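Down below is the structure, laid out as structure tokens.
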Amino acid sequence: MNNFAYAKIDGFPLDLFNFDLTAPQPTLDADLLKQLSFIPGLKEILMLRQVHALEHATVWMLSESKSTHPSAFISNNVQIDNKLLGGLSTEQGFYLYGEVNISDLRRAATLALHRLINGEWHLAIHPRCGTNASVAMLLTAGFAVGMHILLPLGIIEQLVGLGLAATTAAELAPDVGALAQRYITTAIPFNLKIENITRTTDVWGKEAYFVKVCWQEEEEE
């Protein structure tokens, strides 16, 4: 699946995901934390965004390892998605759901971190992320309200408007959701270090692996 969207400006194609107004900066989150340390919960928010990216990339790595191809990440960024895997991020690490060998998970998480901080930023985005579902609901609600205001109040007109709103939201949600992931809900984990991986249960009692991370100011030599 190609997660990249394209538009045109003055006849030239623009890759929305490769056209960065501000490329990820390795020291950005650490600098923010130093300057705005008085803000309660800031470190937890910054860590959660970085953990979220690491979770997505780890799922991609595990999907790649289960692929029939030696490498599922080919030059055009088509990625193989193992839909049996899922994750849940917290500010301390992330839960990984699915049948996975812990050794494979350890290798996948380590490789994911390495590839993310070395420029493969697209791995931070995943089409099954909850961000996409949230964006879809917001778009649907927004378009539905807009149609309700703009169209006559007849039942037929309102039903047609609701259908148009839902269809338009469904078309836009994947790309808008990916942009929301890239710029809002994830961040490249320049400040994360993997501490350990354990078999555990989440807060709902569901079995999972937990990839625990810690914050580090700069990459260790």
Side-chain angles (χ1 to χ4, degrees), residues 24-65 81-118 120-135 177-178 180-221:
Q25 300 297 317
T27 63
L28 178 61
D29 282 0
D31 291 342
L32 280 175
L33 190 59
K34 290 177 181 177
Q35 296 172 12
L36 303 175
S37 58
F38 58 88
I39 298 179
L42 177 61
K43 183 175 182 179
E44 287 72 18
I45 292 172
L46 296 176
M47 284 193 70
L48 180 59
R49 295 178 70 232
Q50 293 195 21
V51 170
H52 197 188
L54 180 59
E55 174 211 319
H56 287 172
T58 300
V59 171
W60 282 129
M61 295 298 99
L62 290 168
S63 299
E64 175 183 299
S65 69
D81 179 17
N82 185 342
K83 294 183 179 180
L84 298 178
L85 298 175
L88 175 65
S89 294
T90 75
E91 70 277 8
Q92 297 180 337
F94 66 90
Y95 293 95
L96 193 286
Y97 305 95
E99 293 300 322
V100 178
N101 182 283
I102 193 169
S103 297
D104 292 338
L105 176 55
R106 187 174 292 110
R107 284 192 293 269
T110 302
L111 181 59
L113 182 59
H114 173 78
R115 291 174 66 167
L116 279 171
I117 65 178
N118 282 280
E120 296 187 58
W121 303 325
H122 63 281
L123 297 177
I125 302 170
H126 201 284
R128 290 189 289 107
C129 176
T131 300
N132 287 22
S134 298
V135 165
Q181 286 183 60
R182 181 165 188 171
Y183 295 108
I184 301 174
T185 65
T186 71
I188 304 304
F190 293 113
N191 301 105
L192 295 189
K193 177 182 178 182
I194 299 172
E195 282 195 345
N196 57 61
I197 301 174
T198 57
R199 185 73 174 178
T200 184
T201 57
D202 62 16
V203 293
W204 299 281
K206 187 175 181 180
E207 289 190 356
Y209 288 103
F210 188 71
V211 180
K212 183 175 176 56
V213 302
C214 63
W215 178 274
Q216 57 181 5
E217 295 300 325
E218 57 187 28
E219 185 177 358
E220 295 181 354
E221 298 294 338

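These values consider heavy atoms only, across backbone and side chains, with no hydrogens, waters or symmetry-generated copies. Just so it is clear, the structure is predicted and the values come from calculations on it, not from any experiment.
Side chain of N132 to backbone of P127: a donor-acceptor contact under 3.5 angstrom is found. Here the side chain of R128 pairs a donor or acceptor atom with the backbone of L85 at under 3.5 angstrom. Counting only distance, with no hydrogens or angles, the side chain of Q181 and the backbone of H126 share a donor-acceptor pair below 3.5 Å.
Heavy atoms only, all atoms of each residue included: D29 and L46 are closest at O-CD1, 3.6 Å. What you find for T110 and I194 is that their closest heavy atoms are N-CD1, 3.9 Å. The minimum heavy-atom distance linking Q50 with F190 is given by the pair OE1-N, 3.4 Å. Summarising the geometry of F210 relative to T200, their closest heavy-atom pair is CB-CG2, 3.6 Å, with the distance given to 0.1 Å. Looking at every heavy atom in both residues, H56 comes nearest to A124 through ND1-O, 2.7 Å. The shortest heavy-atom contact between Y97 and E207 is CD2-O, 3.6 Å.
A side-chain hydrogen bond (donor to acceptor under 3.5 Å, both in side chains) check over residues 83-93, counting only residues at least two apart or in different chains, returns the pairs E55-S89.
Between R115 and L111, some side-chain heavy-atom pair lies under the 4.5 Å cut-off. Using a 4.5 Å heavy-atom threshold, the side chains of V51 and V211 count as separate. Using a 4.5 Å cut-off on side-chain heavy atoms (C-beta onward), L33 and N191 make no contact. Residues W121 and T186 fail the side-chain proximity criterion, which asks for heavy atoms closer than 4.5 Å.
Note that CG of N118 and CG of L123 are 11.0 Å apart. Values are rounded to the nearest 0.5 Å. Taken to the nearest 0.5 Å, the OH atom of Y209 stands 6.5 Å off from the CG atom of N101. From L54, atom CG reaches atom CZ of R49 across 14.5 Å, with rounding to the nearest 0.5 Å. K34 contributes atom NZ, which lies 11.5 Å from atom CG of L32 (distance to the nearest 0.5 angstrom). Atoms CD1 and NE2, from I125 and H52 in turn, are 10.5 Å apart once rounded to the nearest 0.5 Å. Residue F94 holds its CZ atom at 14.0 Å from CG of D202, rounded to the nearest 0.5 Å.
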